[in-house]
> 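Could you have a look at this structure, given as structure tokens, before my questions?
Bear in mind that the values here come from a model prediction, so they are computed numbers and not experimental data. Throughout, a chain's letter reflects where its sequence line sits, starting with A, and its residues are numbered from 1.
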Number of protein chains: 2
Amino acid sequence: MKKITIGEAARQSGVKVPTIRYYEGIGLLSAPSRSEGNQRSYEPSDLNRLAFIRHARELGFEIEAIRTLLHLQDDPHQSCASADAIAKARLIEVEQRIRSLNALKAELEQMVEGCGHGRVDQCRVIEVLADHGKCVHPHH
Amino acid sequence: MKKITIGEAARQSGVKVPTIRYYEGIGLLSAPSRSEGNQRSYEPSDLNRLAFIRHARELGFEIEAIRTLLHLQDDPHQSCASADAIAKARLIEVEQRIRSLNALKAELEQMVEGCGHGRVDQCRVIEVLADHGKCVHPHH
DNA sequence: TCTTGCACCTCTAGTCGCTAGAGGATGTAG
DNA sequence: CTACATCCTCTAGCGACTAGAGGTGCAAGA
């Protein structure tokens with residue numbers, strides 16, 4: 001039940017102080033009560049919200065998706081279909097990103113391997129960049 | 001040897017018109033000559049430069065890295081050690097990103113599978129977001 | 001009590017790599 | 001000659017913060 005300063009909240013949640021203020025500013029976090037000297041003072045329960053947001057950000061959800069997820073959490077009798085849809089959409093994004101990064105990785109490995117550590121005019125890195133046709137998979 | 005308008009350069013290089021102007025503005029591309037009516041007119045050789053930049057951007061290199069790579073390309077007697085270093089650094093970044101995205105993917109799959117399509121209070125998506133400890137690999 | 005020094009406050013501006021739009025000039029085809 | 005696409009410059013906006021200026025609050029040591 002002890003009130004907590006923003007610095008303490010930051011330490012306990014792993015969200016930086018300016019970021020907490022930023023989340024309040026965009027309405028993702030509701031404004032906490034203030035001390036006599038106008039300093040923010042948080043309830044322990046606010047830490048759950050902060051942890052939720054941080055976790056969702058780590059998983060790459062966008063702020064607007066998190067806003068929706070938080071509304072859902074606040075209203076537990078709603079259908080979870082939209083939470084499910086948001087997570088599924090994120091999963092598809094992540095899968096696509098992994099595929100595309102694997103293609104890039106193959107390209108970069110080729111470039112780095114082919115570099116004879118000589119001068120630029122024999123460098124495979126520069127050569128491949130200049131000519132897309134020299135890529136392993138020109139589809140990226 | 002024919003001069004080319006910015007729109008034509010955009011079409012041939014796959015870089016959008018405002019992006020070409022932006023690259024000129026930040027000095028990544030040198031300013032081309034102008035027509036009587038003050039319109040940019042490019043040499044065919046400028047298309048190579050544009051293709052190089054586009055390719056490097058597709059591979060995820062940052063603008064500053066590309067600036068360095070372009071300088072190297074302009075001076076082919078230099079050692080290619082720095083080109084090599086830039087490409088290697090990018091490779092390491094990509095590898096890390098793939099690892100981290102694979103961890104996220106596992107998390108998201110768990111969340112989506114566990115969702116019984118019922119109401120929010122039984123939804124695994126919301127539950128896991130609220131409690132990091134319920135993650136498969138809490139290290140992400 | 002005073003002072004030191006850290007943590008807090010608000011506000012603005014900057015980051016990256018573009019993208020969008022306003023408001024106007026130019027170039028080309030019919 | 002008129003319509004219309006394309007070009008020009010300039011400024012502002014995107015997302016998700018981050019940095020810094022300039023000032024206030026608060027707790028602990030001398």
> Measuring to OP1 and OP2 of D/dC8, would you say a side-chain N or O of B/Ser35 lies under 4.0 angstrom away?
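Checking B/Ser35 against D/dC8: no side-chain N or O falls below 4.0 Å of OP1 or OP2.
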> Please confirm whether the shortest side-chain N or O distance from B/Thr5 to OP1 or OP2 of D/dC7 is below 4.0 Å.
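Looking at the OP1 and OP2 atoms of D/dC7, one of them is under 4.0 Å from a side-chain N or O of B/Thr5.
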> Calculate the interatomic distance between A/Glu36 atom CD and C/dC9 atom P; express it in whole Å.
15 Å
> Do A/Glu8 and A/Arg11 sit within salt-bridge range, that is, some charged N less than 4.0 Å from a carboxylate O?
yes
> To the nearest Å, give me how far apart CD (B/Gln39) and P (C/dG24) are.
18 Å
> Whole Å only: how far is the CD1 atom of A/Ile26 from the P atom of D/dT18?
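Result: 12 Å.
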> So B/Val15 and B/Ile53, side-chain contact (heavy atoms from CB on, under 4.5 Å) or not? Walk me through it.
CA-CA 9 Å; B/Val15 180; B/Ile53 296 171; over 6 Å; no
> How would you label the contact of A/Ile6 with the nucleic acid (heavy atoms, under 4.0 Å): base, sugar-phosphate, or nothing?
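Contact class for A/Ile6: sugar-phosphate only.
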> Would you say A/Arg57 reaches D/dC17's phosphate, i.e. side-chain N/O to OP1/OP2 under 4.0 Å?
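So the side-chain polar atoms of A/Arg57 do come within 4.0 Å of the phosphate oxygens OP1 or OP2 of D/dC17, strictly under.
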> Is B/Glu95 salt-bridged to B/Arg99, cutoff N-O under 4.0 Å?
no
> For C/dC9, does OP1 or OP2 lie under 4.0 Å from any side-chain N or O of A/Arg40?
yes
> Output the rounded distance in Å from CD (A/Glu58) to C1' (D/dC17).
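So the CD-C1' distance, A/Glu58 to D/dC17, works out to 16 Å.
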> Which whole-number value in Å describes the distance from A/Asn38 CG to D/dG23 P?
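That distance rounds to 17 Å.
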> Given atom CD of A/Glu24 and atom P of C/dC8, what is their separation to the nearest angstrom?
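These atoms are roughly 14 Å apart.
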> Take atom CD in B/Gln78; do more than 12 heavy atoms of anything else shown fall under 6.0 Å from it?
yes
> Does anything in residues 61-71 of chain A come within less than 4.0 Å of DNA chain D? Heavy atoms only, and list the residues if so.
A/Glu62, A/Ile63
> Can you see if the side chain of B/Arg34 gets near the phosphate of D/dC7 - specifically, an N or O under 4.0 Å from OP1 or OP2?
no
> Does B/Glu107 reach the main-chain N or O of B/Val136 with its side chain, forming a donor-acceptor pair under 3.5 Å?
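Here the side-chain-to-backbone pair exists.
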> Evaluate whether atom CD of B/Glu127 has more than 12 neighbouring non-hydrogen atoms of other residues, nucleotides or ligands under 6.0 angstrom away.
yes
> Give a yes/no answer on whether the side chain of A/Arg21 brings an N or O atom under 4.0 Å of OP1 or OP2 in C/dC9.
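Looking at the OP1 and OP2 atoms of C/dC9, one of them is under 4.0 Å from a side-chain N or O of A/Arg21.
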> One thing to verify: whether A/Arg54 and A/Glu58 come together as a salt bridge, which I'm taking to mean a side-chain N less than 4.0 angstrom from a carboxylate O.
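Looking at A/Glu58 and A/Arg54, the cut-off is met.
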> Keeping the roles fixed (side chain from B/Arg90, backbone from B/Leu59), state whether a donor-acceptor pair exists under 3.5 Å.
yes
> Expressed as a whole number of angstroms, how long is the span from A/Leu28:CG to D/dG15:C1'?
13 Å
> Under 4.0 Å: is that the gap between some side-chain N or O of B/Tyr22 and OP1 or OP2 of C/dC16?
no
> Looking just at side-chain N and O atoms, do B/Lys3 and B/Ser33 make a donor-acceptor pair shorter than 3.5 Å?
yes
> Name every residue in residues 11-19 of chain A that has at least one heavy atom under 4.0 Å from any atom of DNA chain D, in order of residue number, or write none if there are no such residues.
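Under 4.0 Å from DNA chain D: A/Lys16, A/Thr19.
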> Hey, is A/Arg67 close enough to A/Glu64 for a salt bridge, meaning N to O under 4.0 Å?
yes
> Is B/Tyr23 close enough to C/dG17 that one of its side-chain N or O atoms is under 4.0 Å from OP1 or OP2 there?
no
